[in-house]
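Chain identifiers are assigned alphabetically (A, B, ...) following the order of the sequence lines, protein sequences preceding nucleic acid strands; residue numbering begins at 1 within each chain.
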Amino acid sequence: MSDTEKPSSAETTPASPDQSAEAPVSTAGKAERGQIRREQRKVLLTSPAFIIGSLIVGFWLLAAAFPTLLTTFGPKEFVPAGARSEPFDETWLGTDASGWDVYTRLIFGARPVLIVAPLATACAIVVGTFLGLIMGYYRGWVDEVLSRILEALLSIPVILMAILVVVTFGNSRPVIIATIGLLFVPAITRTIRSAAIAEADLDYVTSAKMRGESGLFIVAREILPNVVPLVVVELTVRLGYAIFTYATLAFLGQTGGNATDADWGLDVSQNFNQIVNDRWWPSIFPAAAIATLVIGVNLIADSIDKALKS
Amino acid sequence: MLRFIIRRLLLALVTLAILLLIITAIPNLAPGDPARKIAGGTASPERLEQVREDLGLNDSVLTQLGDTVTAVATLDFGTTASGLPVTDVLRTSLWNSFKLVLLSLIVIVPLSILGGMAAAYKKDTWIDRTIVNVGLAFAAIPDFVAGVFLLAFLGVPFEFFKVQANAPGEGPLTQVQHLLLPVLAVLMVYFGYLARITRAGTINALDADYTRTAFMRGLSTGAVFRSHVARNALQPTVAVLGTQLGYLFGGMVALETVFTYPGVGKLIIDAVNGAEYPLLRGGVLAVAVIYMLATLTADLVIAYMNPRARTSLGDS
């Protein structure tokens, strides 16, 4: 969706690593590249957006990995405060209609989304980068056919297609991961493909061809290293969308499991009806958790993008 | 131009064919017996057989595919479980979705374009940074999350905002009032996205030679924007609007659920949960067709705005 501002840094910043107009063969060129990478890392690590984003995402990762470190209750344990207790009173974030602690369920609810979203993104990145490189380097009929198939995948809104696929193949976790991954392939492919087309015209590719290297070697060892920065940006951006998509599927009750499981999207769907009765906390806090996680990931994505262009 | 339109229509047909395949396959592949879901757990074997027969599940997949094609060609998708014609139910939902989309566009498009142009004109000032960052933060949030926030912090405390988006049989103004919260949620999700694209387009147009010439000729800022910048800057915005229109029509499943609004997204998710396959078929196809028409229209509008795009689109 958001690949409109293509990193067209070639003209604006002369010292960008993915613009290898001259073949990176000399040792001086390599040292310079290392220098640039180091400077970019410094820009990234000192950017406030990156630090805040990492803190938010780090907290939720900790919650997903070791929930018992952050809370003493279980996600389906009746707490002493009783049901429908207000937040900031006996418990931190109140209790829901079942008498479960909202804060505890937030901590335990981080796990499903942080299992599904990264795995789905990883699948999408691997397949998307591979297809994008192949299509961009070889062009021709392979490119044509794959382009049409990928276009067909996006012929209806992503969330609808996700629902259809999940309904068809059952809502087990592997299916959900594969579905979200598959639906993100077209966007990644498009970005990598246009980058690969640009790279394929450069001198270093021509010289590799003249050395008689195989197409696979050129794609994997010559072009791929030069589009890695782009892949990293795509990875973080898509991770945000994967969280978005999983949360929406959970909210719509399409992620399987039990409706009482601790899962942010599910918790919102189970409790938002009570907002009109002035009991907002069992749904607003999980909704806020989703929001913080996506915003955190987006802050990281944005600062990486900026650092690479700096 | 004509060649371009024909090419695009042919591509749309291919996509439609793939979709028809998927839709026909769903009831055959989906886990669990669809007939049991529809007829209920206590239904007699004869009743189950009857439902299966009605759904055409006893036929071969090829026959079913033929039935789907016939259904599309004749615009007759059969009846729902409660006996209503699918076409009628679908028409009501589409009309509801149309109202929501139209109102959303009326609010969002001018605001985002103005916001994006202001950000570009005041580039690198606090105005620019506020518009871009606030927009980005909101755009990252899922629509239903924005929806429940608005429900809790506007819908409940203020009598003016209605928590139910549907106001059946009321006058247009009341209906608009009921639709305000979902429209605000859509605004939150789309403003940053559209504004950022408009901003990028405007920055490019402001840098262009023709803009500098226009300013040097002594034209006012407003005149330059109207007659030189807007036409060129808005092409990416129009392209994105085309795709987003399709998303607005069918992708608001979760938002329509939050505000119990009977649009086409809600229809599809209800059809999925109730195993109402004829309804699902009609809904998905309607969304797909609208989506394709919207993208096609956007391409044509861009071709109209920029004659140079006409030739390049033809062989893209």
Side-chain angles (χ1 to χ4, degrees), chain A residues 1-2 4-5 49 148-149 151-161 163-172 240-241 243-245 247-249 251-254 264-265 268-269 271-273 275-278 280-281 283-284 286-291 293-299 301-302, chain B residues 11-12 14-19 22-23 25-32 136-137 139-149 151-153 155-156 163 193 196-197 200-201 236 239-240 243-244 246-254 257-258 265 268-269 272-273 280 283-284 287-288 291-292:
Chain A
M1 268 167 79
S2 72
T4 43
E5 284 187 77
R148 295 295 90 78
I149 295 176
E151 240 168 61
L153 268 183
L154 294 182
S155 59
I156 58 171
V158 168
I159 191 67
L160 274 192
M161 194 54 107
I163 293 170
L164 289 186
V165 179
V166 168
V167 166
T168 310
F169 295 104
N171 48 20
S172 68
Y241 282 117
I243 295 166
F244 189 123
T245 311
T248 309
L249 277 179
F251 174 79
L252 292 169
Q254 304 298 322
W264 297 340
V268 177
S269 76
N271 296 313
F272 82 90
N273 285 325
I275 290 178
V276 284
N277 304 326
D278 250 350
W280 50 271
W281 56 93
S283 53
I284 288 300
I290 298 170
L293 183 59
V294 240
I295 290 176
V297 169
N298 274 292
L299 283 174
D302 227 42
Chain B
L11 278 182
V14 174
T15 313
L16 208 59
I18 297 177
L19 255 183
I22 298 176
I23 293 170
I26 288 174
N28 296 287
L29 291 172
L136 270 185
I141 300 174
D143 50 4
F144 73 94
V145 170
V148 291
F149 275 123
L151 204 58
F153 299 122
V156 172
V163 295
Y193 187 43
R196 191 160 68 130
I197 287 159
V240 165
T243 48
Q244 296 309 312
Y247 279 95
L248 279 173
F249 247 100
M252 300 275 111
V253 192
T257 308
V258 170
I268 289 175
I269 194 74
V272 163
N273 289 332
L280 182 66
V284 169
V287 170
Y291 180 81
M292 286 170 192

- Between V276(A) and chain B, which part of the residue has a heavy atom less than 4.5 Å away: side chain, backbone, both or neither? both

- Highest number of heavy-atom pairs under 4.5 Å with chain B among I290(A), I149(A), N171(A) belongs to I290(A)

- Note on the structure: Okay, V158(A) and chain B: the region with an atom under 4.5 Å from a heavy atom over there is both

- Side chain from CB out, backbone as N, CA, C, O: work out which of these in I22(B) comes under 4.5 Å of a heavy atom of chain A, or both, or neither. side chain

- Task: Below 4.5 Å from any heavy atom of chain A, which atoms of I268(B) appear? Answer side chain, backbone, both or neither.
- Result: side chain

- Query: Measuring heavy-atom distances to chain A, does V156(B) have an atom under 4.5 Å in its side chain, in its backbone, in both, or in neither?
  - Reply: side chain

- Query: In Å and rounded to the nearest 0.5 Å, what is the OG1 to CG distance from T248(A) to D143(B)?
  - Reply: 6.0 Å

- Note on the structure: Between the CZ atom in F149(B) and the CZ atom in F272(A), the distance rounded to the nearest 0.5 Å is 14.5 Å

- Top of F153(B), F144(B), F249(B) for chain A proximity - count of heavy-atom pairs under 4.5 angstrom: F144(B)

- If you count heavy-atom pairs under 4.5 Å with chain A, which of V287(B), L136(B), V258(B), T257(B) comes out on top? V258(B)

- Task: Please flag which part of L164(A) lies under 4.5 Å from any non-hydrogen atom of chain B: side chain, backbone, both or neither.
- Result: both

- Part of L160(A) lying under 4.5 Å from any heavy atom of chain B: side chain

- Rounded to the nearest 0.5 Å, the CD1 atom of I141(B) sits from the CG atom of L293(A) at a distance of 12.0 Å

- Query: Can you name the closest pair of heavy atoms from V294(A) and P142(B) and give their distance?
  - Reply: CG2-CD, 4.1 Å

- Query: Is chain B contacted by the side chain of N273(A), its backbone, both, or neither, given a heavy-atom distance below 4.5 Å?
  - Reply: neither

- Note on the structure: When the 4.5 angstrom heavy-atom criterion is applied to I18(B) and chain A, the contacting part is side chain

- Query: Where does A288(A) contact chain B at under 4.5 Å (heavy atoms): side chain, backbone, both or neither?
  - Reply: both

- Task: Could you tell me which portion of L280(B) (side chain, backbone, both or neither) has an atom closer than 4.5 angstrom to a non-hydrogen atom of chain A?
- Result: side chain

- Is chain A contacted by the side chain of A139(B), its backbone, both, or neither, given a heavy-atom distance below 4.5 Å? backbone

